[in-house]
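First up is the structure itself, then whatever we jot down about it.
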Amino acid sequence: MRHLYSLLVYLLTPLLLGYFLVRGVSDRRWWARWMERFGDFDATGRMHGVVVHAASVGEVNAAAPLIRAVQGLRPDLPVTVTCFTPTGSERVESLFGNSIHHVYAPLDLPGSVRRFFATLKPRILVVMETEIWPNLFHRARALDIPLLISNARLTERSARSWARFGGLAGATLQCATLIAAQDEAEAERFISLGAARDSTRICGNLKFEIDLPPDLAAQGRNWRATWGTNRGVLVAGSTHEQDERALLTAFGGVLEHTPEALLVLAPRYPERFDKALELVRQSGLEACALSEGGLSSKQCLVVDRMGMLLGLYAAADLVFVGGTLAPVGGHTPLEAAAIGRPLILGPHRGHIEELTRKLTEAGCATTVQDAASLLRAWKTLSANTTQREQMGRAARELVDRERGALARNLQIVKAMLDR
């Protein structure tokens, strides 16, 4: 089955490279460093270490506490972090600078994977969350390289998709030395696909291991001083176009009652910065990009820089989680929850379903279905300071309760390194 899979990957590679070309029209970073994707790069002085693969920004953020802990545990070992997207690459470099080695992950082609392992010769491989790559996993097993799937998660939809490939998923998952699942439901999905039960553990969610900057409260106060301290502020993080259209429709109703309100939009991808700003201006709102300044006189601010969300969340009265009104499965609400902000989420939460359930049960989040229900929730929470404070407090308490995944994952890594 894996040979048929490899043939399919070979056939699809030209289409994937075409996708990179198209993406590169709006973001030239997609046109750079292509040889890394075929396992061709220089790793002088970086061999025989720990390799961590995190697909994009969300996985990089989840991996960050574990990477730092591994650096502290074994400062003698080089750490290589791979990802798949330019935004993930940028996040790796902003978090770790030169303290790690960073390249793009190889395409899951047999030759690319062989070159990747031959170049790095890693002691162990850590793969984050949902990244299941048959050739990568089988090569690690053939070379007797311990493989950990850390913070492992698998949605019901993804499990059904993998099940269509017969025994490929099971044979791939059995190459993993250990699967550190986020919760019982995720563990059972992996086992149902063929993962060995005795190599699947429930270790919690690394995304709860959030280390907030010590000056975060000061950042929030500075933003509020810039915007105007008496304005009600909703920050919408990691938004897509469908999220933004609903937010702008609802915001029109908010302004009828509170004309001094401010909407802060932070698009998920850099190539959408200009498009989001144009969308806001088409709606008739007074708007500007973060880079333009003049924020205090505007009704809507479009964040056109990456890495700003924590400070903006610290300045918010309410936080909307993007990718939940757009049907893309939702993005993480945990950073806003750790800061203690009340959350509004849409119905599309396939990637964060279990997390959303915990947040809702704890009273941290409210769910909306469309622009009309978003407007109602926005108005209700804006008018009720006590309710917002209760939700924010519950969010912080939930994050504190759920910590512990880092220690469990680090223990597994240490055992693999000591093997």
Donor-acceptor contact present, side-chain Gln299 to main-chain Ala287, <3.5 Å: no

Smallest separation among heavy atoms of Glu209 and Ala405, with atom names: OE2-N, 2.9 Å

Which residues share a side-chain hydrogen bond (donor to acceptor under 3.5 Å, both in side chains) with Ser373, sequence neighbours left out: Asp370

side-chain hydrogen bond (donor to acceptor under 3.5 Å, both in side chains) partners of Trp30, counting only residues at least two apart: none

Expected list for residues 353-363: side-chain donor-acceptor pairs under 3.5 angstrom, two or more places apart:
from, atom 1, to, atom 2, distance (Å)
Glu354, OE1, Arg357, NE, 3.2
Glu354, OE2, Arg357, NE, 3.2
Glu354, OE2, Arg357, NH2, 2.2
Thr356, OG1, Ile352, O, 2.7
Arg357, NH1, Glu361, OE1, 2.9
Arg357, NH1, Glu361, OE2, 3.0
Lys358, NZ, Glu402, OE1, 3.2
Thr360, OG1, Thr356, O, 2.8

Side chain Glu186, main chain Ala152, donor-acceptor under 3.5 Å: no

Distance-minimising heavy-atom pair for Asp243 and Gly323: OD2-N, 2.7 Å

Interatomic spacing from CG in Leu309 to CZ in Arg268 - rounded to 0.5 Å: 9.0 Å

Salt-bridge present (Glu286, Lys298; N to O < 4.0 Å): no

Asp400 atom CG: more than 12 heavy-atom contacts under 6.0 Å: yes

Partners passing side-chain contact (heavy atoms from CB on, under 4.5 Å) against Asp40 (at least two apart in sequence or in another chain): Met35

Sidechain-backbone polar pair: Arg139 side chain, Val113 backbone, donor-acceptor under 3.5 Å: no

Salt bridge (charged side-chain N to carboxylate O under 4.0 Å, His left out) partners for Arg245, two or more places apart: Glu241

Test side-chain hydrogen bond (donor to acceptor under 3.5 Å, both in side chains) applied to Glu59 - qualifying residues, sequence neighbours left out: none

Residues which pass salt bridge (charged side-chain N to carboxylate O under 4.0 Å, His left out) with Glu278, listed by chain and number, not counting sequence neighbours: none

Smallest separation among heavy atoms of Leu325 and Gln369, with atom names: CD2-O, 3.7 Å

Side-chain donor/acceptor of Asn135 to backbone N/O of Asp108, under 3.5 Å: yes

Val51 side chain reached by Ile145 side chain, heavy atoms, under 4.5 Å: no

Closest contact, heavy atoms only, Tyr313 versus Gly237: OH-CA, 3.5 Å

Non-neighbouring partners of Glu36 that pass salt bridge (charged side-chain N to carboxylate O under 4.0 Å, His left out), sequence neighbours left out: Arg33

Donor-acceptor pair, side chain of Asn151 and main chain of Met128, under 3.5 angstrom: no

Short N-O contact, Lys207 and Glu129, less than 4.0 angstrom: yes

Arg74 vs Arg123 side-chain heavy atoms within contact, under 4.5 Å: yes

Any pair counted as ring pair (Phe, Tyr, Trp, His ring centres under 6.0 Å), so long as it reaches residues 251-278, sequence neighbours left out: His240-Tyr269, Phe251-Trp378

Leu120 versus Ala43, closest heavy-atom pair with distance: CD2-CB, 3.7 Å

Show me, pair by pair, the donor-acceptor contacts under 3.5 angstrom made by side chains of residues 157-165, not counting sequence neighbours?
from, atom 1, to, atom 2, distance (Å)
Ser158, OG, Thr155, OG1, 3.0
Ser161, OG, Arg157, O, 3.1

All salt bridge (charged side-chain N to carboxylate O under 4.0 Å, His left out) counterparts of Asp317, not counting sequence neighbours: Arg224

Lys NZ or Arg CZ of Arg37 over Phe20 ring: under 6.0 Å, within 45°: yes

Taking every non-hydrogen atom, the tightest pair across Thr119 and Gly39: OG1-O, 4.0 Å

Which residues share a side-chain hydrogen bond (donor to acceptor under 3.5 Å, both in side chains) with Arg23, sequence neighbours left out: Tyr19, Glu271

Heavy-atom side-chain proximity of Phe117 to Pro122 below 4.5 angstrom: yes

